[in-house]
Number of protein chains: 2
Amino acid sequence: MGQMEEKSTRDRILEAAGEIFGLQGFKAATVRDICRKAGVNVALVNYHFGSKENLYRELGRDLVTQTFSRFPVDVFDPDAPAEVRLRAFVHATLSRLLSPGGLTGYPGRGQLMARELADPSPILDNLVEDFIRPTAQVLAGIVAELLGPEARDRDVMKGQISVIGQCSHYAVARPLITRLFAFDPSDQQNIEDLADHVTRFSLAGLASMRQRLEHPTEKPSDPSRNKGD
Amino acid sequence: MGQMEEKSTRDRILEAAGEIFGLQGFKAATVRDICRKAGVNVALVNYHFGSKENLYRELGRDLVTQTFSRFPVDVFDPDAPAEVRLRAFVHATLSRLLSPGGLTGYPGRGQLMARELADPSPILDNLVEDFIRPTAQVLAGIVAELLGPEARDRDVMKGQISVIGQCSHYAVARPLITRLFAFDPSDQQNIEDLADHVTRFSLAGLASMRQRLEHPTEKPSDPSRNKGD
DNA sequence: GACGAATTCAAACAGATGTTTTAATCATTT
DNA sequence: AAATGATTAAAACATCTGTTTGAATTCGTC
């Protein structure tokens, strides 16, 4: 018989904490619930992690680092055309958010990150920013290239948010989406399909932005715009 | 002197509750904090509202009904072209989410609704659905018209989410956006600008979807698709 | 101005919460 | 097997929680 070793107490707590924290949020979750789910004594959270707060911090760190290592930001050839890089970025982003085991992958620890996005706790603050800012910069590079040299920072930002907003909505509003539509954003086939859709939709949107930047036909609404950066 | 009557205790509690609940969430907020901020005795929450839970419920009801009455869903002429209706819908949605006093308008009660979106509490459950489902249906009508007769339900859904995701990201990820960019989504001028951007971006994206629906040139990935609905 | 109802207040209550303590158990080394 | 250190367990602790109580105060009305 293979020496199927049981998981360590530490890991059992971490796993249970993921579900309880994800389901109820930091404050509403109780260490007693977590320990009951993990099948361990109440004192062991403080023995292994020092405090409830530390457990949450460590859980968040694991969740983010593991997910970003499974679905890295730079999965594409940097010399590939921007269209291809956008597809790769969108696919990685959707996978990171939606895949089973991803940031909002399965019910339970799912909404932990959605909550942190809407309302970053001081605890995960740096962490969220450490991972999200670089990711945003990668997307900014792709979008800037697609928008062309006329694009100002503000334009790049709007393009970025239009792309990322489409992706993150499936994660953030997942409870609503599964209720309003009969649709499972975690299904692998759907993720592929969504990546195609978001990429195509965004390429058209960005092209439209670029066209307007290069041919500001009607509505010269803002005459004080300086292109030569 | 004008009889500048002070606000009633009830209203003072409601106001303070908006800030505390919005800032900390239902569970983390304490009635003692709320009462301290309102400058009233601890017992008055239960006297005027029956319970903390009821206070939260009533607050949520007020917030949603007031905001939807300020920024209604049907602000447009139903006979107007779909492009115009989309612009009106997007503008109303962004205003509802971002305007000062709107659902995520100012710090405090702001993130209450963002939280409920990511993780609807049983308390506001029906409420959220009562307001969001009809809104989604209005958008579905607009998107369906823009996508043309070839669009299936799944296509409409994807189009919807691409539009609404762009809007809601400014609200849901507001803490991140204000940190990553120097941008205030609540500024009236910015809301107008964003409405233009999202509308234009989406029209291009939807047009691209339609073109592919009507001319499925490459990648006949799904041969089992029946158009004549 | 007095009566009665509505409102406000200080205090207390019962239960839950994160954490600590102290002793028991387990694993590893000698 | 004894000793040592790490881990687990049961119980208690101090604090905080929403809520209730009962008296004080205010307000409208006769």
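So you know, we letter chains A, B, ... as the sequences are listed, proteins then strands, and number each from 1. Because only heavy atoms are used, hydrogens play no part in the values below, and waters and symmetry mates are left out as well, while side chains stay in.
By the 4.5 Å heavy-atom criterion applied to side chains, B:L146 and B:V143 are not counted as neighbours. Residues B:R115 and B:S121 have side chains not in contact (no heavy-atom distance under 4.5 Å, counting atoms from C-beta outward). Looking at A:L194 and A:H91, their side chains never come closer than 4.5 Å, going by heavy atoms from C-beta outward.
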Dump the pairs, protein N or O against N or O of nucleotides 14-18 of chain D, anything under 3.5 Å, distances to one decimal.
| from | atom 1 | to | atom 2 | distance (Å) |
| --- | --- | --- | --- | --- |
| D:dG18 | OP1 | B:A29 | O | 3.2 |
| D:dG18 | OP1 | B:K52 | NZ | 2.8 |
| D:dG18 | OP2 | B:V31 | N | 3.1 |
| D:dG18 | N7 | B:R32 | NH1 | 2.8 |
| D:dG18 | O6 | B:R32 | NH2 | 3.0 |

With the criterion being N/O to N/O and under 3.5 Å, what pairs connect the protein with nucleotides 21-24 of chain D, and how long is each?
none

Each nucleotide N or O in nucleotides 6-8 of chain C that has a protein N or O under 3.5 Å away: list the pair and distance.
| from | atom 1 | to | atom 2 | distance (Å) |
| --- | --- | --- | --- | --- |
| C:dT7 | OP2 | B:Y47 | OH | 2.8 |
| C:dT7 | O5' | B:Y47 | OH | 3.3 |
| C:dT8 | OP1 | B:T9 | OG1 | 2.5 |
| C:dT8 | OP2 | B:H48 | NE2 | 2.6 |

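Remark: A:D11 pairs with no residue by the salt bridge (charged side-chain N to carboxylate O under 4.0 Å, His left out) rule, at least two apart or across chains. The side-chain hydrogen bond (donor to acceptor under 3.5 Å, both in side chains) search around A:R32 returns none, not counting sequence neighbours. The side chain to side chain contact (heavy atoms under 4.5 Å, CB included) search around B:L55 returns B:I13, B:L14, B:A17, B:F21, B:I34, B:V45, B:F49, not counting sequence neighbours. Applying the side chain to side chain contact (heavy atoms under 4.5 Å, CB included) rule to B:A171 yields the partners B:L97, B:L98, B:T104; only residues at least two apart in sequence or on another chain are considered. Evaluation of the side chain to side chain contact (heavy atoms under 4.5 Å, CB included) rule for B:S162 yields A:Q166, A:H197, A:F201 as partners, not counting sequence neighbours.
Sorted by first then second residue, the ring-ring contact (aromatic ring centres under 6.0 Å, His included) pairs that include residues 161-196 of chain A, not counting sequence neighbours, number zero. Among pairs with a residue in residues 34-48 of chain A, those fulfilling salt bridge (charged side-chain N to carboxylate O under 4.0 Å, His left out) read A:E19-A:K37, A:D33-A:R36, at least two apart in sequence or across chains.
No side-chain donor-acceptor contact under 3.5 Å links B:S99 and B:R70.
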Show the atom names and distances, to 0.1 Å, of all donor-acceptor pairs under 3.5 Å that link a side chain in residues 132-142 of chain B to residues at least two apart or in another chain.
| from | atom 1 | to | atom 2 | distance (Å) |
| --- | --- | --- | --- | --- |
| B:R133 | NE | B:E129 | OE2 | 3.4 |
| B:R133 | NH2 | B:E129 | OE2 | 2.7 |
| B:T135 | OG1 | B:F131 | O | 2.7 |

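Rounded to whole Å, the distance from CD1 on A:I34 to P on C:dT19 is 11 Å. Counting to the nearest Å, the C1' atom of D:dT19 and the CD1 atom of B:I13 are 14 Å from each other.
A cation-pi arrangement is found for B:K52 relative to B:F26, the charged atom lying closer than 6.0 Å to the ring centre and inside a 45° cone about the ring normal.
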Protein within reach of the bases, or only the backbone? For nucleotides 22-28 of chain C, mark each nucleotide 5' to 3' as B, S or -, using heavy atoms under 4.0 Å. -------
